[in-house]
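Just so it is clear, the structure is predicted and the values come from calculations on it, not from any experiment. Within every chain, numbering begins at 1; the chains are lettered A, B, ... in the order of the sequence lines, protein sequences first and strands thereafter.
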Amino acid sequence: MDKTYQPHAIENQWYQTWEKKAYFKPAGEGNPYCIMIPPPNVTGSLHMGHGFNNAVMDALIRYRRMRGDDTLWQVGTDHAGIATQMVVERQLAAQNISRHDLGREKFLEKVWEWKEQSGGTITRQIRRLGSSVDWTRERFTMDDGLSTAVQEAFVRLYEDGLIYRGKRLVNWDPKLHTAISDLEVENHDEKGNLWNLRYPLADGATTAEGKNYLVVATTRPETMLGDSAVAVHPDDERYKSLIGKFVLLPLVNRLIPIVADDYVDREFGTGCVKITPAHDFNDYEVGKRHNLPLINVLDKNAAVLAQAQVFNLDGSVNNELNNALPAQFAGLDRYEARKQIVAAFEAAELLEKIDDHGLKVPRGDRSGIVIEPWLTDQWYVSTKPLAEPAIAAVEDGRIQFVPKQYENMYFSWMRDIQDWCISRQLWWGHRIPAWYDASGKVYVGRNEEEVRSKYNLGTEVKLNQDEDVLDTWFSSGLWTFSTLGWPEQTEFLKKFHPTDLLVTGFDIIFFWVARMIMLTLHLVKHEDGSAQIPFKTVYVHGLVRDSQGQKMSKSKGNVLDPLDIIDGIDLETLVQKRTTGLMNPKDAVKIEKQTRKEFPDGIQAYGTDALRFTFCSLASTGRDIKFDMGRVEGYRNFCNKIWNATRYVLMQCEDQDCGQDGSSNYELSVADRWIISKLQLAEKQVAEVLDTYRLDLATQAIYEFVWNEYCDWYLELSKPILFDKSEGSDARKKGTRRTLIRVLETILRLSHPLMPFITEEIWQKIKPLAGVTGETIMHARFPIADESRIDQQALKDVEWLQAVILGVRNIRGEMNISPAKDLNVLFKNGSADDQQRLQANQQFLKKLASLESVTWLNAGDAEPMSATALVGQMEILVPMAGIINKDAEIARLTKESNKLQQDIERTEMKLGNAAFVEKAPAEVVENERKRVNENKIAVEKLREQIQKISAL
RNA sequence: GGGCGGUUAGCUCAGUUGGUAGAGCAAUGCCCUUACAAGGCAUGGGUCACAAGUUCGAGUCUUGUACCGCCCACCA
């Protein structure tokens, strides 16, 4: 074996073997256990979030697989409608081609080409992470099977009255030219203005103050062209007399009514609100209440008036108003229109004032552009009836969130859910299975043929399929069952659905988790007809942030590619990677500087295991993760530690009898029995925390056991036994070799879910010596603690031994005694137990504390001046002659004594409190008493010692 | 405006039912001791954000305050 651990030398090769040998497939026996991967964008590439998410899922699926469950980790990718279409459109734009130049069919060919070309990137990356997904079942949301499921789901929901088409105000993305759902809109705090505009009162009316106009305040003056009313609060004394009267809408010269509505806040602005029902969600509601006309003044590209439509609430055209719309603003961009309209107001002396104003600006999460509320026909899912059972499923515990607090987030959103707009004016996606005849009548069915036969439409009736596609999340919402073959009742669907665990970030609880729950409950039934949930547990994790706690983003230039941590990257390449393809090329300078500062030497290759162990160690409950490269390095070192411990174990065990034949002619030392006991405790703990999804605690427990117990103590304790030259020590040696190798083998199985590669590599090397068979550690059994193997006596004995060694080492360290100097150490004043333990453990003591000799002093024996340490009552004496500085020893003892003294004072105070003695459990009080007594004796001894040395 | 989370060592974080505050990294000193310098041994470092309450006893339970972060919401 190499002297240092070289991750790249082992990782790729093992993954290929695993995949080739189909180790990832369900075993076909055991309890079914299924995790569905959140399907990444097929044309995307891996980011830290994926890395984290995969590390968690793989750890848990490997754990279950090793527990003997019949595990399926379903893998696949998402077509990611908007994101993918945007990429391809951008590529075309570079050649000055728009998708419209190509036409729908040609454009889709291009997208499929791009999918074929780049679609393998993310799956290759998932392989590099070591994820044990079943590739033989890989699915894509637009493959035939899943498309069938999408159609089926749409048709069933439509037939059940849960999907409808309607004209409503939607969030329109003027850049992408599509409607988007509420969730895809992000509200940002931005600085803006509040324009105060005068609307002249008609018919000579005046306000209470005698003015012949009302002042309305708006953040969007350009929408005034579509104003249908001015609203005031019904109880507002200032305007009460004007309710029912009219204002003459400037520029448009249209009479619009003054209406009363509770929605108006009297305190804000002037208390008068212009109402534009077709361009504002609140105004839309007000308009409905007052039966106001809906006037769309923007076209799909958010330019003004290019497609002015004017409708009454019933949809009839209101010609009178339509003719009144001014032509001068036609075709202007909405912000240009704003300028010109404000200018027009100013020119007409109708601009009262302009205030600075902070406001929430809605932006499309993909395009980043300001969203325009716009009146169009779209398809909707009626969510209220679906939400009810979805709430119940979480309330009654059929579905559990981990951590639980996310259930509140889920409930609050679900209880106030709005209908879901599922149509998108895109080309890439599942085309909506609806057809229109010449009159616009809509027919929904699985295909045109079915529609024709179902509605008895002859070939003379021309049908056109709806041009729109479905929201990507509609197909993702079916993911847990569409991948298993639904609507067919496949064996896999029966076996693995409902699935067991979903691992995902909190940011897509609404987008995805909530919708999966709603859709599944409605569409998927058990054989007895009862509704199925999609999964039993939702493990929710936080976002991976950079070491400063900043969100990683391309524009900030702080993104890390998990593969760069695995394989390493030099500084120049990293700088280049971070500064190319920026939205704003000006950021490059700053990003380069920042990157050179943070990674002066680039990033080392740490390997997949170290990265994954790091992710798991950071996976504590429900908080975001600050990613720290120092942790990765620490865990890479941990891998190296395991690697080197293995080298030692192999040196001792190779070509030796380690009991691999099952023979029993061996003897276990106290150290052997101790590490076996500790191992049981570690196994118990790891299983417990894995069952509760506390991967951070699992990494801690493993790290602690491997490094601090197995390596630091046990390997050292094995040396005096194995290096013993004396006769008749063979049985002990065999016992120790046996323990060394078997504990190591167990450590590997215990760690495998967290660090799959190194554990497999080593396991293959050592399994014959451990008497173990099996093709792969992946299918070996996860260690289960056997409490009968916990030897309390051995635990206590080694604890004592450690205390003695620590005492000597402390003197050595504090007194600056060379580690090369073997010491002659004396012991006195101990119990019979101490004496017996000293006798039994001389071999260990001498080696671990570097002692020349160990001598027991009886009462009355002459005693050289010494540095002292205490273990219980027993004193450890290291003779001072020539090696120990008097003042330093006094200082050391004083420090020790002061520490104890403080403890005594604190404890005595407690015991002096009558209430404590009376009310605290007897056991607690007794412990405190014991503690004071022991410490008092110790302090006494230390004082005597200080005096003795001072007297020299 | 409502809701949720966080505040513990210089940094990143654990702390299960209240009973002596922990780890890793960083720091300091000594060591190339035959598994490992990606290492070994030892050491220092904390009013557990603040305040009040419950309790014999609070990092832990209750209430309030401050600051940080997130989610949701119709103030033009």
List the atom pairs, with distances to 0.1 Å, where a side-chain N or O of residues 907-928 of chain A and a protein N or O form a donor-acceptor pair under 3.5 Å, not counting sequence neighbours.
| from | atom 1 | to | atom 2 | distance (Å) |
| --- | --- | --- | --- | --- |
| A/Thr907 | OG1 | A/Asp903 | O | 2.6 |
| A/Glu908 | OE2 | A/Lys936 | NZ | 2.7 |
| A/Asn913 | OD1 | A/Ala915 | N | 3.0 |

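Residue A/Lys360 has no polar side-chain atom (N or O) positioned under 4.0 Å from OP1 or OP2 of B/C75. Between B/A76 and A/Lys274, no contact under 4.0 Å exists linking OP1 or OP2 to a side-chain N or O. Checking the phosphate oxygens (OP1, OP2) of B/G40, a side-chain nitrogen or oxygen of A/Trp707 falls inside 4.0 Å. At the phosphate of B/U55, neither OP1 nor OP2 sits under 4.0 Å from any side-chain N or O atom of A/Lys919. Regarding contacts with the backbone of B/C13, every side-chain N or O of A/Ser620 stays at 4.0 angstrom or more from both OP1 and OP2. Regarding contacts with the backbone of B/G39, every side-chain N or O of A/Lys3 stays at 4.0 angstrom or more from both OP1 and OP2. Close to B/G40, at under 4.0 Å from its OP1 or OP2, lies a side-chain N or O of A/Lys641. The shortest distance between the side-chain N/O atoms of A/Arg892 and the OP1/OP2 oxygens of B/A42 is not below 4.0 Å. Look at A/Asn637 and you won't find any side-chain N or O under 4.0 angstrom from OP1 or OP2 of B/C36.
Taken to the nearest 0.5 Å, the CG atom of A/Leu650 stands 6.5 Å off from the CG atom of A/Leu769.
We find that OH of A/Tyr635 is positioned 12 Å from P of B/C13, with the value rounded to whole Å. The separation between A/Arg636 atom CZ and B/A37 atom C1' is 12 Å, rounded to whole Å. A/Ile625 places its CD1 atom 10 Å from the P atom of B/A14, with the value rounded to the nearest Å. A straight line from CZ of A/Phe638 to P of B/A37 spans 17 Å, rounded to a whole angstrom. Atom CD of A/Glu814 is separated from atom C1' of B/C41 by 12 Å (rounded to the nearest Å). Summarising the geometry, the separation between CD1 on A/Ile766 and C1' on B/A35 is reported as 14 Å, rounded to the nearest angstrom. Here B/G5 presents its P atom at 14 Å from CZ of A/Phe506, a figure rounded to the nearest Å. Between A/Gln548 atom CD and B/C68 atom C1' the separation is 16 Å, expressed in whole Å.
Nearest nucleotide to the A/Arg694 side chain, out of B/C70, B/A35, B/G15: B/G15. Among B/U34, B/A76, B/G24, the nucleotide with an atom closest to any side-chain atom of A/Lys847 is B/U34. For A/Thr4, the side-chain atoms get nearest to B/A38 when compared with the rest of B/G19, B/C70, B/A38. The side chain of A/Pro819 lies closest to B/U33 when the candidates are B/C72, B/A76, B/U33.
Between A/Trp643 and A/Tyr5, the ring planes lie tilted relative to each other; the angle falls in the 30° to 60° range.
Taking the nucleotide of RNA chain B with the nearest heavy atom to each of A/Lys719 and A/Thr219, the more 5' of the two is matched to A/Lys719. Mapping A/Ala915 and A/Ser617 onto RNA chain B by nearest heavy atom places A/Ser617 closer to the 5' end of the strand.
Shown here, B/G5 forms a base pair with B/C68; the pair counts as Watson-Crick or G-U wobble because both key distances fall under 3.5 Å. Using N1 to N3 plus N6-O4 or O6-N4 for Watson-Crick, or N1-O2 and O6-N3 for G-U wobble, each under 3.5 Å, B/U60 pairs with nothing. Of the nucleotides present, none pairs with B/U47 by Watson-Crick or G-U wobble criteria with both distances under 3.5 Å. As the counterpart of B/G29, B/C41 is assigned, both hydrogen-bonding distances of the Watson-Crick or G-U wobble pattern falling under 3.5 Å. The base-pairing partner of B/U34, taking Watson-Crick or G-U wobble contacts with both distances under 3.5 Å, does not exist among the strands shown.
Comparing the same atom, P, in B/C75 and in B/U7 gives a spacing of 31 Å after rounding to whole Å.
Residue A/Arg809 places no side-chain atom within donor-acceptor reach of the base of B/A42, judged by atom type and a 3.5 Å distance cut-off alone. One N or O donor and one acceptor, one from the side chain of A/Glu716 and one from the base of B/A35, sit under 3.5 Å apart.
Looking at A/His357, its side chain never comes within 3.5 Å of a backbone N or O of A/Gly192 through a donor-acceptor pair. Looking at A/Asp262, its side chain never comes within 3.5 Å of a backbone N or O of A/Pro234 through a donor-acceptor pair. For A/Arg892 (side chain) and A/Asn810 (main-chain N/O), no donor-acceptor pair under 3.5 Å exists by modelled atom type.
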Quiz item: What's the verdict on side chain to side chain contact (heavy atoms under 4.5 Å, CB included) for A/Val540 and A/Tyr410, showing C-alpha distance, side-chain angles and the deciding distance?
Solution: CA-CA 12 Å; A/Val540 183; A/Tyr410 171 83; over 6 Å; no
